[in-house]
Amino acid sequence: MLDIQLIRQDPEAVKEAIASLGTEAPIDEIVSLDLGRREILQELESLRQERNETSERIGRMEAGEERQTLIDSTSGLNERIKQLEADLRENEEALKRAMYEVPNLPDPSVPVGADESENVVLREEGKPREFGFEPLPHWDLGPRLGILDFERGVKLSGSRFYVLKGAGAKLQRALIQWMLDLHVAEHGYTEIYPPAIVKEQCMWGAGQLPKFADNIYRDAEDDLWLIGTAEIPLTNLHRDEILDAEDLPLSYVAHTPCFRREKFSGGRDVRGIKRGHQFDKVEMYKLTTPEDSYGALEQIVEHASAVCRALEIPYRVVQMVTGDLGFTAAKKYDLEIWAPGSDEWLEVSSVSNTEAFQARRTDIRFRREKGAKPEYVHTLNGSGLALPRTMIAVLENYQQEDGSVKVPEVLRPWMGGLERVSAAM
RNA sequence: GGAGGGAUGGCCGAGUGGACGAAGGCGGCGGUCUUGAAAACCGCUGUAGGGCAACCUACCGGGGGUUCGAAUCCCUCUCCCUCCGCCA
């Protein structure tokens, strides 16, 4: 959610910024609702004042004719107040609905561009390995090794589901544990185990609603929603709280399953485990002061990079242009990891600074010192990393000519010392 | 799932439909005293909206209602606690 003051003061600048995102928002509607709101409020509040004063007088009077006359005289006043209260409710609901639809504005440092084709590769690290043979895509490699079972996944749950088995399941578990430990021990995050099913309100707070309703699984009976990312519970962790400045930044890391309906990606990325309805992810999250958030953004990029670096797999950092920022980010980087079998760069991490966009939706503030006015925090999130695509990269980069897969050095302690996954296992 | 009890300011806790934004206590901040600290005493100590000034308005779990007037009465929802049932 944007600051209403910003829209009130310079609606044209806001519209322009939104145009650079390649989208639109009901700014004119907001401006007029906001104006109407204050008109209603002004009249309503002065009538309430009148009523309060009259009631006070009635309370002090002896019972009698004069008192009754005064009581009778309030009926018109009260009718008007009721009407205005109804108007106000309606107005504020419409205003809130409209405000929830407005995307975040880009930071001035974000390059203007129409869509993802204009994103900027900022840096690339690691050299793609030279294969003496044709590297296989993981959808061939995994089943051959007996660690990845697509047919049974479909049998259980339908398309875009799969089963990890044996060393495959263990490899994912090793990655999760290693990543969590890395972020906690080396990068100073606090590990969180949040619910994976949350109230609707959390979805609004994190910016999943109203725009992405079609991509979310939900239990209609209890009105609970399955998270598509740990960002959702982590955003809401401190909802409605006022934090102390000395507690900031707060850094959290969580591993959760993520559920996405992928309604609009039909036909895309159908092979392999790149895009499923259920996947695991390790997510980093920070709450900072406004002045610290852009430094924190670079930190999170570094923390995600450290994972790729330690795995010794080539990756690159891509800056999103305005047209590819999405709904909540003011600035966003993607980390893409190299997958030689699939022959593509895979997005394994998306790192965003939402500034106060989510904080306003969730009402998370902080106080610089005792008695100071509360200010909104800035929130940031970044994958560290998404498991299936990391698995793809590991399998495809570490495959050997004989069809086996070497276990990356850093993971071996979490794999019981296992050095190689082969078909016989 | 069944029965009962509860939800008040940072925390604890009082509150008869009318001067309650809410007693009292604790905590916090400032001050007096003190070499310093403690104690004692005094004062201050919520959030938001609107005018944006000394003011006004709203908020006692959420929503709705009764009333000239609601923290206080009624309805409803949510959450918490206790007991029973069931269960990893």
Side-chain angles (χ1 to χ4, degrees), chain A residues 1-10 30-100 193-205 209 218-225 233 236-248 250 257 356 358-377:
Chain A
M1 200 149 61
L2 299 183
D3 186 351
I4 183 73
Q5 307 272 5
L6 184 67
I7 297 175
R8 196 183 289 167
Q9 279 161 16
D10 198 348
I30 288 170
V31 169
S32 93
L33 283 169
D34 177 54
L35 201 66
R37 174 174 169 274
R38 279 177 294 162
E39 273 169 18
I40 296 168
L41 211 52
Q42 228 169 327
E43 186 183 350
L44 176 62
E45 291 193 346
S46 71
L47 293 182
R48 275 177 176 166
Q49 181 180 2
E50 196 181 328
R51 184 183 67 185
N52 286 346
E53 285 165 358
T54 308
S55 292
E56 213 176 303
R57 261 167 54 213
I58 292 170
R60 268 182 312 213
M61 287 167 86
E62 304 275 322
E65 203 174 310
E66 197 189 342
R67 187 175 192 267
Q68 193 53 47
T69 308
L70 199 55
I71 289 175
D72 295 342
S73 76
T74 59
S75 70
L77 188 64
N78 269 344
E79 249 170 68
R80 183 69 187 143
I81 287 176
K82 252 186 194 158
Q83 181 57 47
L84 287 170
E85 280 175 341
D87 291 350
L88 185 67
R89 251 200 307 276
E90 201 179 313
N91 172 291
E92 289 191 330
E93 231 165 83
L95 182 58
K96 194 171 136 191
R97 222 182 358 242
M99 285 295 284
Y100 269 125
Y193 172 81
I197 309 175
V198 297
K199 297 179 186 177
E200 179 181 339
Q201 192 184 1
C202 294
M203 292 291 170
W204 288 92
L209 288 175
R218 126 176 216 226
D219 171 44
E221 198 176 337
D222 292 326
D223 196 28
L224 287 170
W225 300 61
N236 286 276
L237 200 59
H238 291 287
R239 188 172 67 208
D240 297 326
E241 292 183 25
I242 299 176
L243 307 164
D244 291 334
E246 64 227 47
D247 295 332
L248 300 176
L250 288 167
Q358 290 177 327
R360 274 193 211 95
R361 289 178 159 238
T362 44
D363 201 22
I364 306 173
R365 292 168 294 169
F366 76 103
R367 252 190 263 270
R368 292 190 185 272
E369 52 203 52
K370 282 206 163 55
K373 200 173 159 61
E375 298 171 50
Y376 288 109
V377 299

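Protein chains get the first letters and strands the later ones, always in sequence-line order, with residue 1 at the start of each.
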ask   = In terms of side-chain heavy atoms, does Gln68(A) have a donor or acceptor partner in Asp72(A) at a distance below 3.5 Å?
value = yes
For [X], answer base if it contacts any base atom (sugar-phosphate contacts may also be present), sugar-phosphate if it contacts only those atoms, and nothing otherwise; contact means non-hydrogen atoms under 4.0 Å.
X: Asn78(A); answer: sugar-phosphate
X: Ile58(A); answer: base
X: Gln49(A); answer: sugar-phosphate
X: Lys82(A); answer: sugar-phosphate
X: Arg67(A); answer: base
X: Ser55(A); answer: base
X: Arg360(A); answer: nothing

ask   = Does atom CD of Gln201(A) have more than 12 heavy-atom neighbours from other groups under 6.0 Å away?
value = no
message = Would you say that more than 12 heavy atoms from the other residues, nucleotides or ligands in this model lie under 6.0 Å from the CD of Glu66(A), or not?
response = no
RNA chain B: 5'-most and 3'-most nucleotides touching chain A, 4.0 angstrom heavy-atom criterion = G18(B) to G69(B)
task = Flag the pair Glu43(A) and Arg80(A) as a salt bridge only when some basic side-chain nitrogen lies within less than 4.0 angstrom of an acidic carboxylate oxygen.
result = yes
task = Please determine if Arg8(A) and Asp3(A) form a salt bridge, counting it only when a charged side-chain N lies under 4.0 Å from a carboxylate O.
result = no
request  = Quote, to the nearest angstrom, the P distance that separates A38(B) from G27(B).
outcome  = 12 Å
